[in-house]
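To keep things clear, I will list the structure first and then write my remarks on it.
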2 protein chains.
Amino acid sequence: MGVTIKDIAKLANVSHTTVSRALNNSPLIKENTKRKIIEIANQLNYSPDVHARSLVLQKSYTIGLFLTRLSNGTSSSFLAETIKGVNSVIDENYNLYVRGIQDFQDFSAITRKRFDGIILMSQSDIDNAFIYHVLEKEIPLVVLNRQVEERSIVNVLSNDQEGVYEAINLFIENGHRNIALIEGTSHFRSSQERKEGYIKALIDFKLPILQEYMVKGNYDMESGYKAMKKLLALENPPTAVFCSNDDMAIGAMKAVNDAGLFVGADFSIIGFDDIGFSEYTSPALTTVKRPIEKISMVGAQKLLQLMDDVIEENEPIYLTTNLVKRQSVVDLNKKNS
Amino acid sequence: MGVTIKDIAKLANVSHTTVSRALNNSPLIKENTKRKIIEIANQLNYSPDVHARSLVLQKSYTIGLFLTRLSNGTSSSFLAETIKGVNSVIDENYNLYVRGIQDFQDFSAITRKRFDGIILMSQSDIDNAFIYHVLEKEIPLVVLNRQVEERSIVNVLSNDQEGVYEAINLFIENGHRNIALIEGTSHFRSSQERKEGYIKALIDFKLPILQEYMVKGNYDMESGYKAMKKLLALENPPTAVFCSNDDMAIGAMKAVNDAGLFVGADFSIIGFDDIGFSEYTSPALTTVKRPIEKISMVGAQKLLQLMDDVIEENEPIYLTTNLVKRQSVVDLNKKNS
DNA sequence: TTAATAAATGTTCACGTGTGCATTAATTTT
DNA sequence: AAAATTAATGCACACGTGAACATTTATTAA
């Protein structure tokens, strides 16, 4: 069924070794025979057996892209941008495997032989166990999106705290004092980071920190909707709300509309991520752009380097967030004048 | 570095064959020795070399999930739902390989040895070349989302035409007569299917087919926005627009808003797909739900069957679309009475 | 107890590729 | 032209696993 180098060898009247060398463009082989062998190989439509090659070379030509999970709590745009980013960097010769960590019963299948390198888009510290496993197996590893204490790991992430701080700052500049927060999934590190940015800003600007202004969500639209309902039902509702991601912001906008209010006129909202839809909501959503695709690209590049040179500049790489101002924030200064 | 069955064999004082059989739970081995061997294997943290195993068993434990492309023209939700659907069916023992066909220079790397089976989420007939290649290599293949003439291929898709027909029907029931269409990417089969549904409905209800009411888009939000601008600028603009996917519908809604009109009050829009956001637009978007995740799940299940039994019931499997009525369609009958 | 049978384990080879070393062919040097 | 050197190719083995066949050990039948 499958054509092997031995078949080619017979036809070319040489040993399989010569064929192997010729196809790998070894300088040991005469140009003449090289050409002849390559021609025969093409004619027979030969393609090497990856498993045999991997077995002898101890290399799998496979890169594993892992996320904490693929469903529940991972938004579509997040997943898609991650894959697109990595995919754009990894060339055709490499295989790209995508899986959720939570789908694994145990990690025995994650071995050095199987993966030349691993990229982890980490959303929660529940995948620390995975990280330790990968480290123990000495597989080159890049962790994205979440700070990891191990200094030996290449770490690429965005500075969420600063991004949120900037967002709250914008609210304050526009005259807001009653600023609420809708939080992300509780055990996700990103949720905590963003909450800290919120609190830090409030402290710096000497605003009170109110428990009732911090409502839990889980990063999906429905939770944003519900959280906003709660906020609107308060005795002293906020005038502005920061949502820990855009999905929840969109849910929140819906809740505001349902209450007969207009975002951008009566109520202010800022989101986080800048997913594609943010530009097309009504009104367009002001949000903190998080460069997920960029993070994935940089991470993939770093992994390729790591697999080659074993570089050891293990400083975490921070990519900056970017406040994208659109129409969902009311300027109270103007309004009251 | 890596523990092999030979290492285990030495420690257990047996041959490597016995170890191999014990770990594969062969009935030939005494329970006693089995237990002993398994214990040693666990202790050494043994895990088999996939490449060696694949080489001898001629099986890769790898399933390839291919899309026409990963970027440009593939929306995030589409990509994400496809992966989630397949992932939920394929168990831990299989590797899931994800790539865009357009990323390949040639298909020499797509071999029977490398993939036990392939799922193609096909968006365009430009991947026919890929399909033929896979067929020629005799790799089990399931094509999703696009009808393929080859009867030997397992084919799972939704009946887009009917879905669109139903949508246009809803417009007409609500008193609309000037109904426009925003088309998807021109060479995508889905674009044509949906356009045919639109035209068929107009013919059946004896409405005129106007060129100026059929505007080209490319499935992204911006193209929907621009297309709607064009429609609104017409001398005799439509009262209702069917958009070939939700992304464009969201862009279109934005254009309507920008023109000072209100969707659901002055203007009617229906989309296609029912992506997560559709429920949260203002007003909530009426749309034709396309079961992408379901299609992917069914396709993956079919592939697993195909890999085992070589089933040959090659009837295309149609999953029905579902009109989800929300608030983006105006009832002109009520309005005028 | 011995022969016949069944159960358990071992020997050897195959899968397809790449590489160290040996060998042969071609070229250069003297 | 013969010797020394270099270029080109072949031989044999390794990678880790699984399976057909051979062999040994345990069990049952006579």
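Chain naming here is simple, since letters A, B, ... match the order of the sequence lines and numbering starts at 1 in each. Just so it is clear, the values below take in all heavy atoms, side chains as well, and ignore hydrogens, waters and symmetry mates.
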Please report the distance, rounded to the nearest Å, between [atom1] in [X] and [atom2] in [N].
X: A/Leu55; N: D/dG18; atom1: CG; atom2: P; answer: 12 Å
X: A/Ile29; N: D/dG10; atom1: CD1; atom2: C1'; answer: 10 Å
X: A/Lys36; N: D/dT9; atom1: NZ; atom2: P; answer: 8 Å
X: B/Ile5; N: D/dA19; atom1: CD1; atom2: P; answer: 11 Å
X: A/Leu57; N: D/dC15; atom1: CG; atom2: P; answer: 13 Å
X: A/Lys10; N: D/dT9; atom1: NZ; atom2: P; answer: 20 Å
X: B/Asn32; N: D/dT25; atom1: CG; atom2: C1'; answer: 15 Å
X: B/Lys59; N: D/dG18; atom1: NZ; atom2: C1'; answer: 15 Å

Return the nearest nucleotide to the side chain of [X]; candidates are [options].
X: A/Thr4; options: D/dC21, D/dG10, C/dT17; value: C/dT17
X: A/Val56; options: C/dT19, C/dG18, D/dT17; value: C/dG18
X: B/Gln58; options: C/dT9, C/dT17, C/dG16; value: C/dG16
X: B/Ala52; options: C/dT19, C/dT9, D/dT17; value: D/dT17

**Prompt:** Ion pair present between B/Asp127 and B/Arg146, side-chain N to carboxylate O less than 4.0 angstrom?
**Reply:**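 B/Arg146 and B/Asp127: salt-bridged.
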**Closest-nucleotide ordering on DNA chain D, the 5'-leading residue of A/His16 and A/Lys30** =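 The residue closer to the strand's 5' end, by nearest nucleotide, is A/Lys30.
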Any [X] side-chain N or O less than 4.0 Å from OP1/OP2 of [N]:
X: B/Ser20; N: D/dG18; result: yes
X: A/Thr17; N: D/dG10; result: no
X: B/Thr33; N: C/dT9; result: yes
X: A/Ser15; N: D/dC11; result: no
X: A/Arg53; N: C/dG18; result: yes

**Prompt:** Would you say A/Glu39 has more than 12 foreign heavy atoms packed within less than 6.0 Å of its CD?
**Reply:** no
**A/Ser26 side chain to A/Asn24 side chain, donor-acceptor N/O pair below 3.5 angstrom** =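 Checked: A/Ser26/A/Asn24 side chains show no N/O donor-acceptor pair below 3.5 Å.
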**Asked** Want to settle it: does A/Ser47 or A/Leu28 sit nearer the 5' end of DNA chain C, counting the closest nucleotide to each?
**Response**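 The residue closer to the strand's 5' end, by nearest nucleotide, is A/Ser47.
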**Item:** Test item: A/Thr82 side-chain N/O and A/Phe78 main-chain N/O as donor-acceptor pair under 3.5 Å
**Value:**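 Answer holds: yes.
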**Asked** Looking for any heavy atom pair under 4.0 Å, which part of the strands does B/Asn13 touch: base, sugar-phosphate only, or nothing?
**Response**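 Here B/Asn13 touches the backbone only, sparing every base.
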**Request:** Specify the closest pair of heavy atoms between A/Thr62 and A/Arg114, including all atoms of both residues, with the distance to one decimal.
**Result:**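 Shortest heavy-atom contact: CB-O, 3.5 Å.
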**Item:** Identified ring-ring contact (aromatic ring centres under 6.0 Å, His included) counterpart of B/Phe115 within the set B/Tyr61, B/Tyr94, B/Phe66
**Value:**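 Testing each of B/Tyr61, B/Tyr94, B/Phe66 against B/Phe115, the sole residue satisfying ring-ring contact (aromatic ring centres under 6.0 Å, His included) is B/Phe66.
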**Message:** Is it the case that C/dG20 (base atoms only) and A/Arg21 (side chain only) share a donor and an acceptor within less than 3.5 Å, ignoring hydrogens and angles?
**Reply:**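 Indeed there is one.
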